[in-house]
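Structure record follows, encoded as structure tokens.
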Amino acid sequence: MEIPDKEENVKLDFIRSIVVEDIASNKWDGRVVTRFPPEPNGYLHIGHAKSICLNFGIAAQFNGRCHLRFDDTNPEKEEQEYVNSIIEDVRWLGWNWGEHLYYGSDYFDKMYEYAIQLIKKGKAYVCDLNAEQTRQYRGTLTQPGKDSPYRNRSIEENLDLFERMKAGQFPDGSRTLRAKIDMSHPNLNMRDPVMYRILHSSHHRSGDKWCIYPMYDWAHGFEDSIEKITHSICTLEFENHRPLYDWFLDQVEAYHPQQIEFARLNLTFTVMSKRKLLQLVQEKLVSGWDDPRMPTISGLRRRGYSPSAIREFCKIIGVNKFNSTIDFALLEHCLREDLNKTSARVMAVLKPLKIVIDNYPEGQVEELDAVNNPEDPNAGTRKVPFTKELYIEQEDFMENPPKKFFRLSPGKEVRLRYAYFITCNEIVKDDAGNVVELHCTYDPATKGGDAPDGRKVKSTLHWVSAEKAIKAEVRLYDHLFTKENPDDVEEGQSFTDNLNPNSLEILPECFVEPSLLEAKPLDRCQFERLGYFCVDPDSAKGKLIFNRTVGLKDTWAKVQKQEQTA
RNA sequence: UGGGGAAUAGUGUAAUGGUAGCACAACUGACUCUGGAUCAGUUAGUUGGGGUUCGAGUCCCUAUUCCCCAGCCA
């Protein structure tokens with residue numbers, strides 16, 4: 001497993017500043033305890049990574065600890081599959097919670113005791129209003145609510161009714177336990193919020209033990225409290241809930257962590273809500289939660305992202321209290337920066353064009369030395385076989401090249417990387433006029449790629465031996481959505497209308513150099529001049545499949561684009 | 001029109017009353033056996049209006065804009 005970098009040098013964002021102050025004032029006896037509390041109702045995505053890196057990062061930086069806690073208070077949406085994936089993803093990102101793996105559902109008994117306590121204080125009551133009535137009684141943003149007719153039941157009656165709710169004597173939705181706060185409070189969350197609802201639903205952990213389940217507001221503070229969390233970090237939309245968080249904890253005089261809210265991550269060209277990601281999966285608009293186009297951790301992993309690239313990204317985007325949308329290019333920048341340092345280089349040809357070296361001996365095979373990673377001398381070298389018939393990239397040849405095209409064209413000399421200078425002499429076309437084969441000559445004196453006479457070429461091409469190369473499938477990806485903001489839709493449309501029809505391009509007939517024969521799923525490498533690639537888990541013995549993680553920066557593509565628009 | 005938050009280059013993010021800095025993006029150029037990488041450089045910013053102050057992105061007032069809240073979801 002990759003180990004996260006030292007967290008010591010992380011700049012002090014507003015949350016870390018609070019932590020530093022609290023340590024200085026000894027507010028929590030010097031303790032720093034954070035938690036990452038996902039609900040297991042979906043797969044984790046890059047937005048969660050921001051929260052994970054924040055919480056685990058703070059713990060690492062300040063000698064504290066961070067708990068992984070499943071906030072599993074709604075059995076209707078939660079599944080073990082999600083628990084498993086979340087554990088895998090957080091671990092893959094490189095974080096370690098030690099023995100501190102918890103489940104909110106493990107605290108249900110304690111929460112129930114607290115509820116009894118609140119009823120006994122006259123601060124909670126069983127309400128017989130149904131969901132619709134409850135909404136009507138709540139009032140609106142500008143109008144106060146009305147007290148429930150059941151608001152003033154006696155403590156004894158409430159105790160009895162709540163006991164019978166727990167015992168399963170009432171059907172779903174027939175009653176709730178509510179906090180007695182203030183139906184005219186300007187913050188709607190304080191208008192007698194529901195603490196428990198009746199749900200005869202089997203829980204992924206507690207099974208059928210309970211048929212009443214705590215609501216988030218009631219449960220979350222106690223989960224934090226029981227675990228002696230110091231800084232309970234959550235996203236902005238919970239700001240309105242903080243008064244309730246505080247109220248509940250204070251009513252029962254429980255240990256009281258500090259809730260701090262920060263802005264969730266938004267990224268261009270993608271959606272980040274679990275609901276929408278679920279929809280993409282359920283409607284089969286992607287191949288699954290781990291589709292390489294998904295912003296999920298599992299999707300990014302399969303795409304070839306490295307944990308350290310994601311961590312670096314989370315580190316540099318900062319933490320704040322206002323909504324912002326990060327340019328996807330920044331994520332890709334972090335990716336390339338990491339992959340450039342760590343990826344072994346290999347040669348692969350995606351759209352092959354056969355070339356024949358006319359003056360190269362028939363049947364001869366030369367094993368040429370190639371550098372594995374120019375950024376890392378320790379990565380060593382490997383042998384690449386050179387033969388009379390080769391493949392180069394179709395895009396690397398043009399019959400009638402424009403001025404700025406440096407690659408192969410009739411009469412032009414280029415270098416084949418680590419091999420020889422070659423010159424194109426003859427073009428073979430099919431009946432339709434497509435170039436299907438090139439005849440070239442090589443200069444034996446340029447073996448290894450340097451001309452003894454000091455002559456220069458403008459371009460170096462990648463290539464593979466037609467006889468020795470391995471066939472492979474390559475999957476190219478583009479943004480899943482065509483718009484920077486996929487939610488930018490016409491009236492009546494949905495974000496799925498902005499799906500990019502060209503987000504996946506499958507190239508079934510590619511060739512990679514033979515050193516890749518033993519490549520295993522999730523192995524990463526750079527295809528020289530093309531980009532970073534990763535072996536897809538769909539690969540089987542004898543059938544290699546590569547995902548393009550991200551392309552290399554391509555100034556030629558930029559030049560082409562400029563000329564098109566000019 | 002209730003309450004809670006927030007506004008710094010195109011995008012992010014620093015500056016905690018004292019020269020508005022950094023990154024990404026874009027654009028130049030150098031170098032290169034990856035048109036990669038690397039290096040050098042350019043463009044570009046404090047939401048508006050008042051006030052306090054020797055001095056304001058920062059403090060005060062005011063206006064504007066944006067986000068969140070009316071689940072028995074989290």
Side-chain angles (χ1 to χ4, degrees), chain A residues 11-13 17 37-39 41 71-74 76-78 127 129-132 134-136 138-145 172-178 184-191 193-199 212-213 215-217 219-220 234-243 261 263 268 274-275 316-334 336-337 340-341 345 347 370-371 374-375 404-407 415-419 421 448-450 456-462 484 526-531 551-559:
Chain A
K11 270 215 179 127
L12 293 188
D13 51 66
S17 301
E39 181 189 13
N41 68 343
D71 197 3
D72 53 354
T73 57
N74 184 352
E76 296 187 329
K77 290 186 177 175
E78 296 151 8
C127 180
L129 258 26
N130 64 29
E132 172 63 23
T134 304
R135 175 153 34 94
Q136 280 164 0
R138 185 154 35 229
T140 69
L141 294 176
T142 51
Q143 289 170 327
D172 286 6
S174 60
R175 281 172 227 259
T176 56
L177 183 72
R178 294 228 258 161
S184 60
H185 198 108
N187 180 342
L188 305 232
N189 295 127
M190 301 296 273
R191 320 243 261 228
V194 172
M195 296 161 57
Y196 279 91
R197 75 282 214 187
I198 301 173
L199 243 36
I212 55 170
Y213 289 92
M215 298 287 292
Y216 169 87
D217 287 307
H220 203 86
C234 61
T235 45
L236 245 34
E237 66 270 26
F238 292 104
E239 220 156 11
N240 294 326
H241 295 247
R242 183 164 13 106
E261 309 85 11
T268 54
K274 276 197 207 170
R275 202 207 92 228
I316 68 173
I317 56 175
V319 183
N320 56 43
K321 284 192 70 111
F322 53 92
N323 300 303
S324 60
T325 302
I326 309 253
D327 192 339
F328 201 91
L330 185 57
L331 212 209
E332 294 188 326
H333 162 77
C334 295
R336 289 195 184 98
E337 195 166 63
N340 177 46
K341 282 183 240 152
R345 271 63 169 173
M347 290 197 282
V371 173
E375 306 292 324
K404 290 176 184 163
F405 186 83
F406 304 149
R407 283 112 94 145
R415 172 169 38 232
L416 293 182
R417 179 139 233 226
Y418 301 124
F421 285 13
D450 284 307
K456 300 281 184 201
V457 287
K458 285 279 278 234
S459 177
T460 300
L461 308 186
H462 60 275
E484 278 201 17
Q526 182 196 99
F527 289 173
E528 292 222 29
R529 303 208 305 137
L530 297 174
L552 254 20
K553 282 193 193 160
D554 189 345
T555 51
W556 168 239
K558 206 178 270 182
V559 169

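By convention in this document, chain letters (A, B, ...) are assigned in the order of the sequence lines, proteins followed by strands, and residues within each chain are numbered from 1.
In B:rG71 the O4'-C1'-N dihedral to the base is within 90° of 0, which defines a syn nucleotide.
Taking atom C1' in both B:rG57 and B:rU19, the straight-line distance is 14 Å, to the nearest Å. The separation of B:rU16 from B:rG49, taken at their P atoms, amounts to 24 Å, rounded to a whole angstrom. Look at the C1' atom in both B:rU32 and B:rC22: the space between them is 28 Å, to the nearest Å. The separation of B:rA26 from B:rU62, taken at their C1' atoms, amounts to 38 Å, rounded to a whole angstrom. Taking the P atom of each, B:rU43 and B:rU38 are spaced 23 Å apart, rounded to whole Å. A gap of 10 Å separates the C1' atoms of B:rA15 and B:rU8, to the nearest Å. Atom name P, nucleotides B:rU11 and B:rC66: the rounded distance is 16 Å, in whole Å. Spacing of P atoms, B:rU34 relative to B:rG12, comes out at 36 Å, to the nearest Å.
OP1 or OP2 of B:rC24 lies within a sub-4.0 Å distance of a side-chain N or O belonging to A:His333. The phosphate of B:rU11 (OP1 or OP2) has no side-chain N or O of A:Thr268 nearer than 4.0 angstrom.
Atom-to-atom, CD of A:Glu528 to P of B:rU34 comes out at 8 Å; the value is rounded to the nearest Å. Atoms CZ (A:Phe527) and P (B:rA37) sit 18 Å apart, rounded to a whole Å. Rounded to an integer number of Å, the gap from A:His462 NE2 to B:rU32 C1' is 18 Å. Distance, A:Asp13 CG to B:rU16 C1': 14 Å, rounded to whole Å. Taking atom CG of A:Asp554 as the reference point, atom C1' of B:rA37 lies 14 Å away to the nearest angstrom. At whole-Å resolution of the value, CG in A:Asn340 and P in B:rG36 are 12 Å apart. Between the P atom of B:rU34 and the NZ atom of A:Lys458 lies a distance of 14 Å, rounded to the nearest Å. Per the geometry, CG belonging to A:Leu331 stands 18 Å off P belonging to B:rU11, to the nearest Å.
Checked for salt-bridge contact, A:Glu39 and A:Lys77 miss the test: no charged N lies under 4.0 Å from a carboxylate O.
Stacking annotation: A:Phe322 is not stacked on the base of B:rG5 (requires ring centroids less than 5.5 angstrom apart and an interplanar angle below 30 degrees).
In the interface, the side chain of A:Arg407 is paired with the base of B:rG35 through a donor and an acceptor atom under 3.5 Å apart.
The shortest distance between side-chain heavy atoms of A:Ile326 and A:Leu331 does not fall below 4.5 Å. Counting only heavy atoms from C-beta outward, the side chains of A:Asp327 and A:Glu484 never approach each other to under 4.5 Å. Side-chain atoms of A:Thr268 and A:Phe328, non-hydrogen and from C-beta on, do get closer than 4.5 Å to each other. Residues A:Met215 and A:Thr176 form no side-chain contact, since every pair of their non-hydrogen atoms from C-beta on lies 4.5 Å or further apart. Taking the side chain as every heavy atom from C-beta outward, A:Lys404 and A:Thr555 never approach each other to under 4.5 Å. Proximity of A:Asp554 to A:Leu552: side-chain heavy atoms (C-beta onward) are nowhere separated by under 4.5 Å.
Base engagement by A:Gln526 is indicated by at least one non-hydrogen atom pair under 4.0 Å involving a base atom. Residue-level contact check: A:Lys274 touches neither bases nor backbone, having no heavy atom under 4.0 Å from any strand. Counting any heavy atom pair closer than 4.0 Å across all strands shown, A:Arg345 reaches a base atom. The residue A:Phe405 sits close to a base: some heavy atom pair falls under 4.0 Å. Among the heavy atoms of the strands lying under 4.0 Å from A:Ile326 are primed sugar atoms or P, OP1, OP2 only; no base atom is included.
When each of A:Glu375 and A:Ala329 is assigned the nucleotide of RNA chain B bearing its nearest heavy atom, the one mapping closer to the 5' terminus is A:Ala329.
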Convert the base pairs of RNA chain B into dot-bracket notation, remembering that pairs crossing earlier ones are written with [ ] and that bases paired across to another strand are shown as |; include only Watson-Crick or G-U pairs under 3.5 Å.
.((((((..((((....[..)))).(((((.......)))))....(((((..]....))))))))))).....
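Between the side chain of A:Arg417 and the main chain of A:Gly449, no donor-acceptor pair closer than 3.5 Å is present. Judged by distance alone, with hydrogens and angles left aside, the side-chain atoms of A:Asn187 form a donor-acceptor pair with the main-chain N or O of A:Asn240 at under 3.5 Å.
Qualifying ring pair (Phe, Tyr, Trp, His ring centres under 6.0 Å) partners for A:Phe238, counting only residues two or more places apart in sequence or in other chains: A:Tyr216, A:His241.
When the nucleotides B:rU34, B:rC24, B:rG4 are ranked by their closest atom to the side chain of A:Glu239, B:rG4 comes out on top. The listed nucleotides are B:rG35, B:rG12, B:rG36; the one nearest the side chain of A:Lys553 is B:rG36. Looking at the side chain of A:Thr325, the nearest of the listed nucleotides B:rG36, B:rC24, B:rG12 is B:rG12.
Other residues, nucleotides and ligands place more than 12 heavy atoms under 6.0 Å from the NZ atom of A:Lys321.
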Apply side chain to side chain contact (heavy atoms under 4.5 Å, CB included) to A:Glu375 and A:Arg345, showing your working.
CA-CA 10 Å; A:Glu375 306 292 324; A:Arg345 271 63 169 173; 3.8 Å; yes
With B for base contact, S for sugar-phosphate-only contact and - for none (protein heavy atoms under 4.0 Å), nucleotides 66-74 of chain B reads -SBBBSBSB
